[in-house]
Amino acid sequence: MTMNRRSFIALTAVSVATPSNLFQPSGNSREANVPWYSVMRRCGQINFNERDPLTLDTEAWAEYWASLKVDAVLLNGGGIVAFYPTQVPYHHRSEFLGTRDLFGEMVAATKRRSARVVARMDCNLAYEDALNAHPEWFERNQDGSPRPHSESPRLLATCMFSPYFSEQMPAIYREINQHYPIDGFFTNGWPSTGPLHVCYCEACRRLYDKLGGTPPADTDASNTLYRKYYQAYMDRVLEIWRLWDGIAREKDPQSVYVGNLGGGIDTVKDIKEISQAAAWFNADHQGRAGETPIWNCAQQGRVAQSVMAGRTITNVSGAYSNTQPVWRHCSKAPAELNLWLAQTTASGMVPWFHWLGGSPEDNRWREVGRSFFDWHASNEPHFRNRGSLADLAVLYPQRTIAFYSRGRGSSRYRGGPVDHLQGLYYALLEGRFVFDFVHEGNLDAANLQKYRALLIPNAAFLSDAQCEAIRQYVKNGGSLLATFETSRYNEWGEPRADFQLADVFGAHVAGEAIGPQGNTYSRIETQHPVLRGFDGTALLPGAEAHIPVKAEVPLVLSVVPWYPAFPPEMVYPRTPQTTEHAAVFREAGKSRVAFFPSDVDRTCWRSGNADLSQLIQNAVKWVRGDDPAISISGEGIIEVFAWKTEPGYALHLLNYTNPNMTHGAIRRIYPLGRQQVRFRVQDRTIKAVRALRLDARLVFKQQGQTVSFDVPSVTDYEVIALV
Ligand SMILES: [Zn+2]
């Protein structure tokens, strides 16, 4: 069934409205010297396919995006396929373009509705005629052969070190800029935050000659050629990003280029470096598959915030089923899609709603996007954030995640690179803590001073300067929680004789890491606030891997070493009691330091063990201290974001309490009951508290700086505005 224009419009709620009165994009109405994309709050994308020029109804699509009150629409210009009559040689026109200018028509239809247009480009692939004319544009295998796309082998991979990126793409951008009133460019699939790939084209071979050899094909920070290649690769990414951004601005300084990033919490390329070139960070984090937890979109937001510091971040939400296996032309479950959009917004990103193909046969996704965006637009001032109110910082350990468990230096106990962070994160959700990510490249007094504690999930690779910043933070009264091999290696993974932060931890390395192995334990030796709630047991589960340490503090938790778990006759401790520290707790001035010389966070995530989560939560509470900035009591697994906003404050609550929290699409929502909130405001008398999803005023009390109120229920998402 192909949808004609009439039935398409019948599906949109605004079929009788005239285009001009549909909406006023916020991007046009604000201060003139502020770039339009910095005040953009919603965007949409229809991703054309080669055949779309035959059937695509531009007015109907423009009408749909207008009904979502978007500030900008992403439209395919070219790169792989040109959807306009290009004159640039080897820029492949759609085989079905005929006499049509699909891009131009769609730009015009969108502009008539006062939305911005960003030309969506693809720089990663081109056709064989280009290969014949410009063999130097293409990536090569070691034998010199080009690299065809695995599913569409007529397309061949282009190389970012080649003139395809520095000459051909610029020629295409300039042609589009000259002929169409667009507001920016976006490239699909480049540069990404994933691993580097190694190419053997002419340009790359010249680069390798300069570097002194060919880098290894896999991520391996222990290899000096890899290190040089990593820096050369990052330099080229920044060079190209800046070149294309300059071209975008040739016609209008308010225009912009944005690349494609994302990757959630698993990044190899240095996003801190990329953020130095990026005016706008687009996260292509469209959904989840497999065992990825539902909160992965909020994590993407936190990672991006850790380098963008309030500048524009968008996140693409795929309206299609982008699981594994993938279905490009069927809708995602509405509850899953809603919660993804909600996390985008809660974490301070701009939602970008995405569908592929101009003639959908599945139209269920449309209303999901429209109702969310309509609600979002009605409450827009409350999504204009002015800063996070979190009082805890989680260090985002970029290089540890990038390099630690990849490459030939990997040891057995080095698990998945993100498992440590994921374990801490889950405990933070269970404990309903309010926290930010701080990128390891931003560890300075200015960025850390607002936080009561810094939490470090196994940042094994840290530079001397980063360690010094952490030391100064603690010296100045900040508290610290750290795990396992934090500071054991320099930024490239070269081992140090001791933790660089041994003085801060109050613990020194006394042997090589042991594990991973199950059936190890911790023994409660003395009472301590971190051990509250463990009445009735002398033993707690131990982490899978630990480092023997020497510490000059009283023994609180000791290590009970591994003993056999099978067969039952053999299951008894061989060494029931040791004096080895499983955790080190110390206080110095106003600072509290909790150090677990073990992968307690990773073990917590891998096992799902409730005691380990409780232990981490207790330790976080202890280092943070009493009277948090925001506390929320009630049932359920929720994620919390709290922002200072243009009109006041906003508290975002995401309800993850669901059997599909860590597997499968969320298909229905299990609403939570009453949540009691205490929220500290900064020198302001609150006049009203409103739940924006319930669309209800809440009764509240203010005593000094503390505002107390009850949220009667949380369905999937609630935003409480305090003004
Ligand atoms: Zn190359």
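We count ligands from 1, going down the list as the structure has it; atoms in each ligand are counted the same way. All values reported here derive from a predicted model rather than from experimental measurement. One-based numbering along the sequence shown.
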Stacked cation flag Arg399 on Trp492, 6.0 angstrom / 45 deg: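 The answer is yes; both the distance and angle limits are met.
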
Residue list, salt bridge (charged side-chain N to carboxylate O under 4.0 Å, His left out) with Glu95, at least two apart or on another chain: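 Arg154.
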
With 2.8 Å as the limit, jot down which protein N, O or S atoms are around the Zn ion (ligand 1).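 Checking every protein N, O and S atom gives Cys159 SG, Cys199 SG, Cys201 SG, Cys204 SG.
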
Give a yes or no on whether the backbone of Ser255 and the side-chain of Arg249 come within a donor-acceptor separation of less than 3.5 Å.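 Yes; judged by distance alone, with no hydrogens or angles, the pair exists.
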
Under a 3.5 Å distance rule, please check whether Asp183 uses its side chain to pair with a backbone N or O of Val117 as donor and acceptor.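 Judged by distance alone, yes, a pair lies under 3.5 Å.
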
Quick check, are the ring centers of Trp190 and Trp244 under 6.0 angstrom apart?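 Ring centroids of Trp190 and Trp244 are less than 6.0 Å from each other.
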
Scan Trp280, Trp241, Phe186 and name whichever one has a ring pair (Phe, Tyr, Trp, His ring centres under 6.0 Å) with Tyr257.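 In the set Trp280, Trp241, Phe186, the residue that makes a ring pair (Phe, Tyr, Trp, His ring centres under 6.0 Å) with Tyr257 is Trp241.
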
